[in-house]
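The next block holds one structure in the form of structure tokens; read it before the comments.
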Amino acid sequence: MMNKTLIVILGPTGIGKTDLSIDIAKALGTEIISSDSRQIYKELSIGTAVPAPGQLERVKHHFIGNKSIYDYYNASMFEFEVLEVLESLFAKYKQVVMTGGSGMYIQAVCEGIDELPTIDQQLREELIQKYNAEGIESLRIQLKMLDPLSYQQIDLKNPKRILKALEVTLQTGKPYSSFLTRTAKERPFHILKIGLQRDREELYERINVRVDQMVDEGLVEEARRFFRHRHLNSLNTVGYKELFEHFEGKISLTKAIELIKRNSRHYAKRQMSWFKRDKEIVWFHPENNQKIIDFIQRNSS
RNA sequence: GGUGCCAUAGCUCAGUUGGUAGAGCAACGGACUGAAAAUCCGUGUGUCCUUGGUUCGAUUCCGAGUGGCACCA
């Protein structure tokens, strides 16, 4: 399979990944895997900016709307499922396009993440309760005792990081740090990472305009449908969480829309931070289709 | 045209009894190994409108100019 290439098209939200990826997949005569942790939910479409029906007809997409917001899902499951789909796609195509903005999902596919046990739901809830009742310091103390190495390496101000380490340690009886190998897994195909970049002001303007479009298309109604499920992790998502605040009467609709724009900008910023450190990425402007296709042709095996 | 008020960060504004300045929002930078559109950490970015004067020293006091707002003509 070493003559196969996975073409990863990445960049912040609103940069123009969707249009470009479809053009490229069309030009290469192949299919697209979405690496977007929210477009994967079938119940969400307006707020996650899934490709339009017409676009989905032009090129076959995978991992869009194939999970439910009620299901538990994570980056490791994504890694496993994508590798499986890739195997069958590479049987048909020399190149496959993967596009999306979820850095961790992309990393899971390209480099893999270490094997960890699935956490018992009850254990997880107990730990969260302990955190709520006793605060973060009590988690830190427990971690220091059970897994001093993680205690040294983990961001001790971030409750999610400590909870993860504790969960694994308690469930397996082995320190979380012992599961981390710090080595990238070998993949039986080449990977070409294409990053999309444009002027910051222009990107923010695109984000603002797109949020207004989402509202015109019925984002408020889409969010209202899931209001009573607002505590689901899948709905802890920009575009929905702000509207839930509005439905709760805490903020006006205008304010909610403003916050969606701002939080989208912040999200874009975090994505750029994530991608910036990956030196394998070659950067292009999202409208330089021909340049990008030439680059792919030259560098695919 | 006259009178009054105002001019400080990207925005709204506070402040310095004269020793070059700060808050909210916005913005900026970063971390990230199974919740990742999540979660967490860090940063004030400034010709204090311009120009004379007083003063050891002016963003602050005084004069003039410019711009804005209000009222009177």
Side-chain angles (χ1 to χ4, degrees), chain A residues 10-15 17 34-41 44 46-50 67 69 71-82 100-121 124-125 127-128 131 136 139-140 150 153-168 171-172 176-185 200-201 203-204 207-208 210-211 214 219 223 231-243 255 258-278:
Chain A
L10 53 84
T13 187
I15 196 81
K17 294 187 292 293
S34 163
S35 49
D36 186 300
S37 72
R38 302 294 138 146
Q39 290 183 3
I40 204 164
Y41 297 115
L44 311 181
I46 299 171
T48 58
V50 295
K67 301 288 168 196
I69 55 170
D71 297 334
Y72 177 74
Y73 199 66
N74 62 44
S76 178
M77 294 159 82
F78 183 73
E79 172 187 359
F80 179 78
E81 291 175 15
V82 167
S102 302
M104 194 179 186
Y105 279 36
I106 295 169
Q107 190 181 56
V109 170
C110 295
E111 283 142 53
I113 40 186
D114 292 312
E115 303 279 322
L116 293 175
T118 300
I119 302 302
D120 179 64
Q121 198 53 38
R124 169 165 293 182
E125 272 159 31
L127 280 168
I128 291 172
Y131 169 57
I136 196 166
L139 297 183
R140 281 190 201 127
S150 287
Q153 292 169 345
I154 281 178
D155 175 3
L156 293 172
K157 288 185 174 163
N158 191 333
K160 284 198 180 181
R161 298 275 143 72
I162 304 183
L163 283 167
K164 179 84 241 158
L166 277 177
E167 275 172 9
V168 173
Q171 170 124 353
T172 62
Y176 172 70
S177 52
S178 70
F179 289 90
L180 305 181
T181 64
R182 271 282 166 207
T183 52
K185 289 181 195 162
R200 182 74 62 95
E201 250 178 72
L203 173 64
Y204 284 2
I207 288 174
N208 293 342
R210 192 169 72 165
V211 170
M214 287 174 176
L219 177 61
H231 300 299
L232 292 172
N233 172 63
S234 51
L235 292 173
N236 186 190
T237 298
V238 176
Y240 300 90
K241 58 182 174 186
E242 298 85 356
L243 286 170
K255 181 74 183 167
E258 223 172 86
L259 286 175
I260 293 173
K261 290 176 183 174
R262 186 202 63 186
N263 291 340
S264 296
R265 294 195 295 268
H266 287 176
Y267 171 49
K269 181 65 190 49
R270 271 178 273 129
Q271 289 174 298
M272 290 187 269
S273 279
W274 178 289
F275 295 134
K276 215 181 281 179
R277 66 176 174 169
D278 186 342

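Chain naming here is simple, since letters A, B, ... match the order of the sequence lines and numbering starts at 1 in each.
Nucleotides B:rC6 and B:rU60 place their C1' atoms 15 Å apart, quoted to the nearest Å. Across the P atoms, B:rU47 and B:rC41 are found 31 Å apart, a figure rounded to whole Å. When the P atom is compared between B:rU45 and B:rG10, the two are found 11 Å apart, to the nearest whole Å. For B:rA9 and B:rC48, the C1' atoms lie 10 Å apart once the distance is rounded to whole Å. With P as the reference atom, B:rG22 and B:rA31 are 29 Å apart, rounded to whole Å. B:rA73 sits 48 Å from B:rC56 when the P atoms are compared, rounded to a whole Å. When the C1' atom is compared between B:rG57 and B:rU16, the two are found 14 Å apart, to the nearest whole Å. The gap from the C1' atom of B:rA7 to that of B:rA14 amounts to 15 Å, rounded to the nearest Å.
Paired runs in RNA chain B that reach 3 or more consecutive Watson-Crick or G-U pairs, where each pair keeps both distances under 3.5 Å, cover B:1-7 with B:66-72, B:10-13 with B:22-25, B:27-31 with B:39-43, B:49-53 with B:61-65.
Remark: the backbone N or O of A:V109 is not paired with any side-chain donor or acceptor of A:E79 at under 3.5 angstrom. Proximity of a side-chain donor or acceptor of A:K185 to a complementary backbone N or O of A:D114 within less than 3.5 Å is not detected. Remark: side-chain polar atoms of A:R38 are not paired, donor with acceptor, to backbone N or O of A:T237 under 3.5 angstrom. Between the side chain of A:K17 and the backbone N or O of A:G11, at least one donor-acceptor pair lies under 3.5 Å. A distance-only check finds a donor-acceptor pair linking the side chain of A:Q39 to the backbone of A:A49 [under 3.5 Å].
Checking B:rU33, B:rG34, B:rA36 against the side-chain heavy atoms of A:L180 singles out B:rU33 as nearest. The side chain of A:Y204 sits closest to B:rA27 out of B:rA27, B:rU33, B:rU39. Looking at the side chain of A:I128, the nearest of the listed nucleotides B:rA27, B:rA36, B:rA35 is B:rA35. In the set B:rG34, B:rU39, B:rA36, B:rG34 carries the atom at the smallest distance from any side-chain atom of A:T118. Of the candidates B:rA31, B:rA27, B:rA35, B:rA27 carries the atom nearest the A:H266 side chain, counting heavy atoms from C-beta on. Closest to the side chain of A:R182, from the set B:rU33, B:rA36, B:rU39, is B:rU33.
Note on A:R161: every side-chain N or O is 4.0 Å or more away from OP1 and OP2 of B:rA35. Not one side-chain nitrogen or oxygen of A:Y105 sits closer than 4.0 Å to the OP1 or OP2 atom of B:rG34. In terms of phosphate contacts, A:R265 brings a side-chain nitrogen or oxygen within less than 4.0 Å of OP1 or OP2 of B:rA27. When the side-chain nitrogen and oxygen atoms of A:R270 are compared with OP1 and OP2 of B:rC40, none of them lie within a distance under 4.0 Å. For A:K164, no side-chain nitrogen or oxygen approaches OP1 or OP2 of B:rG34 to under 4.0 Å. One finds no side-chain N or O of A:N236 lying less than 4.0 angstrom from the OP1 or OP2 phosphate oxygen of B:rA36. Proximity of A:N233 to the phosphate of B:rA36: a side-chain N or O atom is located under 4.0 Å from OP1 or OP2. A sub-4.0 Å separation between OP1 or OP2 of B:rG30 and a side-chain N or O of A:S273 is present.
Nucleic acid contact for A:E115: base, since at least one base atom lies under 4.0 Å from a heavy atom of the residue. At the heavy-atom level, A:T48 lies under 4.0 Å from base atoms of the strands shown. Heavy atoms of A:G239 sit nowhere under 4.0 angstrom from any nucleic acid atom. Using a 4.0 Å heavy-atom criterion, one finds that A:P117 contacts no nucleic acid atom at all. Note on A:F78: nothing from the nucleic acid sits closer than 4.0 angstrom, heavy atoms only. Note on A:T237: a base of the nucleic acid sits closer than 4.0 angstrom, heavy atoms only.
If you take CD1 of A:I207 and C1' of B:rA27, they are 14 Å apart, rounded to a whole angstrom. Distance A:Q107 CD to B:rA31 P: 12 Å, rounded to the nearest Å. Here the C1' atom of nucleotide B:rG34 and the CZ atom of A:R124 are 8 Å apart, to the nearest Å. The interatomic distance linking A:Q271 (CD) with B:rA31 (P) rounds to 15 Å, in whole Å. Here B:rA36 presents its P atom at 11 Å from CE of A:M77, a figure rounded to the nearest Å. Atom CZ in A:R140 sits roughly 11 Å away from atom C1' in B:rC40 (whole-Å rounding). Going from atom CG of A:D120 over to atom C1' of B:rG34 covers 15 Å, rounded to whole Å. Rounded to whole angstrom, the span from the NZ atom of A:K261 across to the P atom of B:rA27 amounts to 13 Å.
Checking A:Y176 against A:N263, the closest nucleotide of RNA chain B that is more toward the 5' end is the one next to A:Y176. Residues A:D36 and A:R200 both approach RNA chain B. Their nearest nucleotides, taken by heavy-atom distance, put A:R200 toward the 5′ side.
Remark: A:I128 CD1 to A:E167 CD distance equals 7.0 Å, nearest 0.5 Å. Within the model, atoms CG of A:D278 and SG of A:C110 stand 8.0 Å from one another, a figure rounded to the nearest 0.5 Å. Note that OH of A:Y41 is 9.0 Å distant from CG of A:L232, once rounded to the nearest 0.5 Å. With rounding to the nearest 0.5 angstrom, the CD1 atom of A:I162 is 7.0 Å from the CD1 atom of A:I154.
For A:S35, the side-chain contact (heavy atoms from CB on, under 4.5 Å) partners are A:F78, A:M98, A:I106, not counting sequence neighbours.
Side chains of A:R210 and A:T13: a donor on one and an acceptor on the other come within 3.5 Å. In this structure, a donor-acceptor pair under 3.5 Å is present between the side chains of A:N263 and A:E242. Defined by atom type and a distance below 3.5 Å, a donor-acceptor pair is missing between the side-chain atoms of A:Q171 and A:Y176.
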Protein-nucleic acid N or O pairs under 3.5 Å, nucleotides 42-46 of chain B:
none

